[in-house]
Amino acid sequence: MASLNVGNLGEYLREQRRTAQLSLRQLADAAGVSNPYLSQIERGLRKPSAEILQQLAKALRISAETLYVQAGILDERERDEVETRAAILADPSINERQKQVLLQIYESFRKENGTAPADGTDTADDQARTADDD
């Protein structure tokens, strides 16, 4: 995991807040954090937890993964994988079996292209699905 890049995160949050036409106080209220705390995050003085980032993302109506990347918690490639998996799992037009097959094909392509663990280790999603199957 990369170290938190709070300066860039703060600038990014401020930009997203302004784009959403929210005041600092409005975003703080919507995210359930204090106004001074949010101000400190935006100025790069505080390192928010993943949970706080998720609350801010929800209030801003943006992807939490986007904020995780900005904070250095998640790298860009991991975010792309998470979003692809989420899109497949959220598709109502295919059944659960089809989703699992599609995810297996996706993972095999990632391994073939050298972008997934080739050592046979399961991702957290794989482990969760295995636990659900038990």
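Bear in mind that the values here come from a model prediction, so they are computed numbers and not experimental data. Side chains are part of it too, since the values below use all heavy atoms of this structure and drop only hydrogens, waters and symmetry mates.
- The distance from atom NZ of K47 to atom CG of L9, rounded to the nearest 0.5 Å, is 11.5 Å.
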Donor-acceptor pairs under 3.5 Å, side chain of residues 48-61 to any protein atom, not counting sequence neighbours: which ones?
from : atom 1 : to  : atom 2 : distance (Å)
S49  : OG     : E51 : N      : 3.4
S49  : OG     : I52 : N      : 3.2
Q55  : NE2    : A31 : O      : 2.5

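- Here L38 contributes atom CG and I41 contributes atom CD1; the two are 5.5 Å apart, rounded to the nearest 0.5 Å.
- Closest non-hydrogen pair, Q70 versus N8, comes out as OE1-O, 4.0 Å.
- Here the side chains of L13 and L67 are in contact, with some heavy-atom distance below 4.5 Å.
- Applying the side chain to side chain contact (heavy atoms under 4.5 Å, CB included) rule to Q40 yields the partners Y37, R43, L45, R46; only residues at least two apart in sequence or on another chain are considered.
- Rounded to the nearest 0.5 angstrom, S39 OG and L27 CG are separated by 11.5 Å.
- Scanning all heavy atoms of the two residues, the minimum distance from E81 to Y106 falls at CA-OH, 3.5 Å.
- In the hydrophobic clustering (ILVMFWY side chains linked at under 4.5 Å, chained through shared members), V101 is joined by I105, F109.
- For the pair Q100/L89, a side-chain contact is recorded, criterion being any heavy-atom separation below 4.5 Å from C-beta on.
- Applying the salt bridge (charged side-chain N to carboxylate O under 4.0 Å, His left out) definition to pairs two or more places apart or across chains, those involving residues 15-37 are R17-E42.
- Screening residues 92-101 for salt bridge (charged side-chain N to carboxylate O under 4.0 Å, His left out), with sequence neighbours left out, gives E96-K99.
- Contacts of Q26 classified as side chain to side chain donor-acceptor pair (under 3.5 Å), with partners at least two apart in sequence or in another chain: S23.
- Atom CZ of R85 is separated from atom CG of L102 by 10.5 Å, given to the nearest 0.5 angstrom.
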